[in-house]
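Keep in mind that this is a model prediction, so the values were computed, not measured.
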Amino acid sequence: MGRDVAAVAITKEDRRRYRDKVRRCLEALSAMLRDGRFEEDRASIGMEVELNLVDETGRPAMLNAPVLESIADPGVWATELAQFNIEINLPPGSLAGKALAMLEQRIRDNLNHADGRARAVGAELMMVGILPTLRESDVSEATLSSNPRYKLLNEQVLAARGENLPLEIEGVELLRTSSDCIAPEAACTSVQFHLQVRPEHFAACWNAAQAIAGVQVALGANSPYLFGKELWRETRLPLFEQSTDTRSEELKAQGVRPRVWFGERWIDSVYDLFEENSRYFSALLPMCEDEEPMEALARGETPELAEMSLHNGTIYRWNRPVYAVVDGRPHLRVENRVLPAGPTVADTMANAALYYGLVRALAEEEQPVWERMSFAAAADNARRGARYGLDARLYWPGVGEVPVTELVLDHLLPLAAAGLDGWGVDTVVRDRLLRIIEQRCATGRNGATWQVAAVHAAGGDREEALRLMTRRYVDHMHTNEPVHTWPIED
């Protein structure tokens, strides 16, 4: 949610006041967009990476509190939902020149330092979409992190649903179970790419990000296993959707929107997304601040719009709008949340280069892709990409339905290169990172396919094969050699 909250009792009056306050925040946002109150600096990027903690056997290590205490860098490292998760937050910066290469080195340096500190307390870091060795017994209310916001969020989700959360995912194998808390969400570890843009460019960038979500997740899939079952190539998507679903079966039948949401239409303004949040979703954490946003505007101040932002933080769009104020100056970001973590920092940066390049190129096209492609087709692409990974067939305007690897090699990689040129990215850096994407397509190997092939090659007991694969994965991860180069058997 991006904000700590205290343990509180929520009343009916709290909900009424909060709803009214969110509406006043929207009024202020509309005025700010109309009056041009936003930062006009050059676009910048940022990144968050969620990681798992494993022990020496490859199983989850419930040690995030001692690990973070050992790292002792709260400005960069933070807790996540479960005790086997932590997160690194990288400061914003430019895309120009060799910035992506320098960011890659910064991430590697931070991870190497953190991993060394984690080993001192009996844990190691692992960048992966879903920890392959995770068992149902590892995700319970007892394994949630101690931060009060997670306990409160858990209580509110379960109260809104009024019953246990069913989990049913049919992929290569079938998983059917349920949970009495939101802890299964903690199995989903992602990388989040931020892109700060001017208000007048926001809609085009968000629409472009939505259009390529299926391509992103197909190429970057890295979550084929959950609770010992081989499911989707990127099982995070259905797991996240189901583990935070506040709707009963009756509400689903009535068409109530899920809190993990792709959306249902292209947009014309960032306001559209925040307004949808208010119109479609009830509050999970209805807590108000003292600030009156319209009064702050009248005084010439920049309002924090805290209630609108907190509400936005409990609605999990795969491309989420972000409003933030830094040093008194407001800005807007597209937060891209569709990708899993890992397998290596190099793979993550290649994913970043493809994303930032394609968003720029598509946002600047004379006839945008979202004018030639239905929103339903983009949503269908996202599900196909998640289910089938590199074997997915996706729709693209002017091309039709084609294998995702063909779409990327023949059509999208040149667009991404042009987009990176538009950002001023160094050509050597550009070519190295996009070459990783090209080779994934050529070899048919990403994190998901490597995991599955390694487990099948190990044979025998599934639990032991997953454990051995996890240990090998961690070893290869530290080489920073892209996953398409990893051997199936060492």
Side-chain angles (χ1 to χ4, degrees), residues 1-3 21-48 89-96 99 192-211 263 265-279 289-315 317-337 355-356 358-365 368 370 419 422-424:
M1 297 177 300
R3 172 183 164 191
K21 195 71 177 292
V22 170
R23 289 170 178 164
R24 295 200 293 278
C25 287
L26 284 171
E27 183 183 357
L29 176 65
S30 178
M32 294 173 72
L33 291 169
R34 183 183 62 245
D35 298 341
R37 297 246 189 158
F38 283 85
E39 188 171 19
E40 294 295 326
D41 287 351
R42 177 179 296 187
S44 64
I45 66 167
M47 192 178 298
E48 303 170 50
N89 295 276
L90 284 304
S94 169
L95 268 168
Q192 292 144 40
F193 301 138
H194 291 253
L195 177 61
Q196 179 181 327
V197 294
R198 295 180 180 180
E200 61 268 28
H201 299 154
F202 185 95
C205 290
W206 187 86
N207 288 342
Q210 291 285 92
R265 63 184 176 118
W266 307 115
I267 65 168
D268 298 313
S269 166
V270 66
Y271 182 86
D272 296 345
L273 300 177
F274 287 114
E275 189 277 332
E276 282 183 347
N277 289 353
S278 173
R279 180 156 40 102
E289 302 292 338
D290 293 335
E291 177 190 76
E292 281 297 334
M294 292 303 294
E295 293 178 8
L297 278 180
R299 294 192 298 268
E301 300 171 359
T302 300
E304 295 287 340
L305 307 185
E307 294 79 13
M308 183 190 78
S309 295
L310 179 58
H311 189 47
N312 184 57
T314 64
I315 299 157
R317 297 177 185 269
W318 294 113
N319 284 291
R320 178 192 273 169
V322 176
Y323 168 90
V325 180
V326 178
D327 297 328
R329 303 178 70 185
H331 69 260
L332 297 169
R333 303 196 303 270
V334 178
E335 182 186 46
N336 178 253
R337 306 164 52 83
Y355 170 72
Y356 289 122
L358 281 178
V359 166
R360 171 100 184 209
L362 293 174
E364 293 182 345
E365 284 187 322
W370 52 93
W423 291 120

| query | Judged by atom type as modelled, is there a donor-acceptor pair below 3.5 Å linking the side chain of Trp423 to the main-chain atoms of Leu95? | reply | no

| task | Mind checking salt bridge (charged side-chain N to carboxylate O under 4.0 Å, His left out) for Arg360 and listing every partner two or more places apart, or none if nothing turns up? | result | Glu364

| Non-hydrogen atoms of Ala306 and Glu289 that approach each other most closely | CB-CG, 3.6 Å

| task | Working to the nearest 0.5 Å, report the span between CG of Asn336 and SG of Cys205. | result | 11.5 Å

| said: Run Arg279 and Glu276 through side-chain contact (heavy atoms from CB on, under 4.5 Å) and show every step you take. | reply: CA-CA 5 Å; Arg279 180 156 40 102; Glu276 282 183 347; 3.9 Å; yes

| Quick one: are Ser44 and His194 in side-chain contact, heavy atoms under 4.5 Å? | no

| said: With side-chain contact (heavy atoms from CB on, under 4.5 Å) as the criterion, how do Leu362 and Glu365 come out once you've worked through the C-alpha distance, each side chain's angles and the decisive distance to 0.1 Å? | reply: CA-CA 5 Å; Leu362 293 174; Glu365 284 187 322; 3.6 Å; yes

Under 3.5 Å, sequence neighbours excluded: what are the donor-acceptor pairs made by side chains of residues 22-30?
residue : atom : partner : partner atom : Å
Arg24   : NE   : Glu292  : OE1          : 2.9
Arg24   : NH2  : Glu292  : OE2          : 3.1

| Between Ala208 and Trp370, what is the shortest heavy-atom contact and its length? | N-CZ3, 3.8 Å

| task | Would you check if Ile267 and Phe202 make a side-chain contact, meaning some heavy-atom pair closer than 4.5 Å? | result | yes

| query | Is there side-chain contact between Met32 and Phe38, with heavy atoms separated by less than 4.5 Å? | reply | yes

| said: Measuring only between side-chain heavy atoms, which start at C-beta, is Val270 closer than 4.5 Å to Leu33? | reply: yes

| query | Looking only at heavy atoms, which two atoms of Tyr356 and Phe193 are closest? And how far apart? | reply | OH-CB, 3.4 Å

| Does any N or O in the side chain of Asp272 come within less than 3.5 Å of the main-chain N or O of Ser269, such that one atom is a donor and the other an acceptor? | yes

| query | Among all residues two or more places apart in sequence or in another chain, which pass the side-chain hydrogen bond (donor to acceptor under 3.5 Å, both in side chains) test with Asn89? | reply | Glu87

| note | Heavy-atom closest pair (Lys21 atom, Asp290 atom, distance to 0.1 Å) is NZ-C, 4.3 Å

| said: For the CD atom of Gln192 and the CG atom of Leu90, what is their distance to the nearest 0.5 Å? | reply: 11.5 Å

For residues 296-304, dump all side-chain donor-acceptor pairs below 3.5 Å to protein atoms at least two apart in sequence or in another chain.
residue : atom : partner : partner atom : Å
Arg299  : NE   : Glu301  : OE1          : 3.4
Arg299  : NE   : Glu301  : OE2          : 3.2
Arg299  : NH2  : Glu301  : OE1          : 3.0
Thr302  : OG1  : Gly328  : O            : 2.9

| Set of side-chain hydrogen bond (donor to acceptor under 3.5 Å, both in side chains) partners for Asn277, sequence neighbours left out | Asn312, Arg317

| message | Within the 3.5 Å criterion, strictly below it, is a donor on Arg333 or His331 matched to an acceptor on the partner's side chain? | response | yes

| message | Applying salt bridge (charged side-chain N to carboxylate O under 4.0 Å, His left out), can you list everything that pairs with Arg337, at least two apart in sequence or on another chain? | response | Glu335

| query | Can you name the nearest heavy-atom pair linking Trp206 to Asn319, along with the distance? | reply | NE1-O, 2.7 Å

